[in-house]
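Since the structure comes first, as structure tokens, the remarks are kept for the end.
None of the values given here were measured: they were computed from a predicted structure.
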Amino acid sequence: MLEKLKYGLYNSFFSAMALLPFSVLYGISDFLYLIFYKGLKYRNVVVKRNLRNSFPEKSEAELLEIEKDFYHQLCDNIVETVKLLHISDKEVDRRIKVSGTEIVDRCAAEGHPVIVYLGHYGNWEWVTAVARQYKVPDFSAQVYKPLHDKAFDKLMLKLRSRFGSISIPKSSVLRSLLKWRNEGKKFVIGFISDHRTNSDTPHNTTLFLNQETSLVAGGEEIGNRINAAYLFLDVEKTARGHYQLTFKEIIPNDNAINYPYTRRYMEMFEENIRRRPGLWLWSHKRWLPKDNNQSNKSI
């Protein structure tokens, strides 16, 4: 009963908020920016450390501009995600442009499940809108990690299904994909693969943004079992609330090394980030502090 009440409150509040026009929502975002960045200084120590380690060649002034851009994008993501509760397909198509869908259709027509690698860049909650643009796949899905707050988790699942996409808990991904493949289904599944893993095994790392980084290779391990095609979704922010999404084939540099598709994805994603670094989720603790004694005091 308590979870139902909480869900009703969440849904009512955010649904009412979603009725507001973008001009008002972005005003709210600007206010949230002052709260998160100027007031709470939300994870500011982590953000600064990540930026400094990733771009040692940049000046303090340049890093500060990226930092501000990140907090603006973080707050825009909040209001844009809420807007999914009340946005028309016409408005979505006006704000989200997609190219490279012919690659998706070709891979699906050839009988390959399509695995799409992407990261926490731009507004990743909007990328499921790509499903409106390709023709051959029967459906789309994405992997997600259930939230501890079950009522809020239910609301997020509602948001993520806005364009008909299926959300699969991490624990049942392989089972679901094998089932769909055996049933002859044509599907696309997205893996957000830029978070920190639980493993720092030396042979499962790569240099990413100037730092030794563990590979999130679950997508490739599963993909190899279902004969998947691997694509990367490149994201560009063309204006506030407007994004260009481009599907690109992942072509490994060396098939002899372990996880060649994941390694190539990391290279492509770094190129994406470097075009406009502020759009990435810098507040996440992806790397262990280089100086544990010094860093642990400031976290």
Side-chain angles (χ1 to χ4, degrees), residues 93 96-124 126-143 163 165-166 168 173-174 176-178 180-181 184-195 204-209 213-238 243-277 279-280:
D93 292 342
I96 303 175
K97 302 299 181 183
V98 186
S99 60
T101 54
E102 69 280 358
I103 304 174
V104 178
D105 287 331
R106 172 173 54 79
C107 292
E110 292 172 351
H112 296 287
V114 180
I115 285 181
V116 178
Y117 273 117
L118 63 152
H120 292 90
Y121 187 85
N123 190 336
W124 55 92
W126 274 22
V127 300
T128 54
V130 298
R132 292 178 46 76
Q133 306 301 325
Y134 43 71
K135 301 174 182 177
V136 177
D138 299 318
F139 58 89
S140 296
Q142 67 267 339
V143 182
F163 305 105
S165 188
I166 301 170
I168 313 172
V173 173
L174 177 59
S176 297
L177 269 58
L178 287 172
W180 293 339
R181 185 207 60 181
K185 299 288 180 61
K186 296 181 174 65
F187 60 90
V188 178
I189 181 165
F191 281 82
I192 293 183
S193 299
D194 61 343
H195 52 279
N204 287 340
T205 63
T206 190
L207 191 65
F208 176 69
L209 288 170
T213 305
S214 296
L215 297 174
V216 182
E220 187 166 353
E221 290 177 345
I222 293 172
N224 289 342
R225 296 186 61 174
I226 60 175
N227 192 28
Y230 298 94
L231 305 182
F232 169 62
L233 189 65
D234 183 279
V235 178
E236 181 180 0
K237 186 174 184 177
T238 55
Y243 300 90
Q244 171 66 49
L245 310 178
T246 305
F247 287 102
K248 297 181 177 181
E249 290 187 80
I250 298 179
I251 302 175
N253 295 321
D254 184 358
N255 279 308
I257 60 174
N258 61 336
Y259 305 121
Y261 288 93
T262 306
R263 292 179 186 278
R264 180 57 186 144
Y265 150 69
M266 296 288 279
E267 293 173 353
M268 297 172 76
F269 188 44
E270 179 170 339
E271 293 169 4
N272 193 170
I273 292 171
R274 286 184 178 276
R275 291 205 306 265
R276 185 173 169 182
L279 302 188
W280 196 37

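Using bins of under 30°, 30° to 60° and over 60° for the plane-to-plane angle, the ring pair Tyr265/Phe269 lands in the parallel bin.
Judged by distance alone, with hydrogens and angles left aside, the side-chain atoms of Arg263 form no donor-acceptor pair with the main-chain N or O of Asp254 at under 3.5 Å.
Looking only at side-chain heavy atoms (C-beta outward), Val173 and Phe191 come within less than 4.5 Å of each other. With a 4.5 Å cut-off on side-chain heavy atoms, Phe232 and Asn272 count as touching. Taking 4.5 Å as the limit, every side-chain heavy atom of Val216 sits out of range of all side-chain heavy atoms of Thr262. Looking only at side-chain heavy atoms (C-beta outward), Thr101 and Val130 stay at 4.5 Å or farther from each other. Proximity of Phe187 to Leu177: side-chain heavy atoms (C-beta onward) are separated by under 4.5 Å at one or more points. Residues Glu221 and Tyr259 are in side-chain contact: their nearest non-hydrogen atoms beyond the backbone lie under 4.5 Å apart. Side-chain atoms of Leu231 and Val104, non-hydrogen and from C-beta on, do get closer than 4.5 Å to each other. By the 4.5 Å heavy-atom criterion applied to side chains, Phe208 and Ile273 are counted as neighbours.
Arg264 has a carboxylate O that lies under 4.0 Å from a charged side-chain N of Glu267, or vice versa, which qualifies the two as a salt bridge. Between Glu249 and Arg106 there is a salt bridge, since a side-chain N of the basic residue sits under 4.0 Å from a carboxylate O of the acidic one.
Checking Ser165 against Ser140 by side-chain atom types alone, no donor-acceptor pair falls below 3.5 Å.
Between Ala129 and Ile96 the shortest heavy-atom distance is CB-CD1, 3.6 Å.
With Asp194 as the partner, the side-chain hydrogen bond (donor to acceptor under 3.5 Å, both in side chains) test is satisfied by one option alone out of Trp280, Tyr117, Tyr121: Trp280.
Within 6.0 Å of CZ in Arg225 there are 12 or fewer heavy atoms belonging to other residues, nucleotides or ligands.
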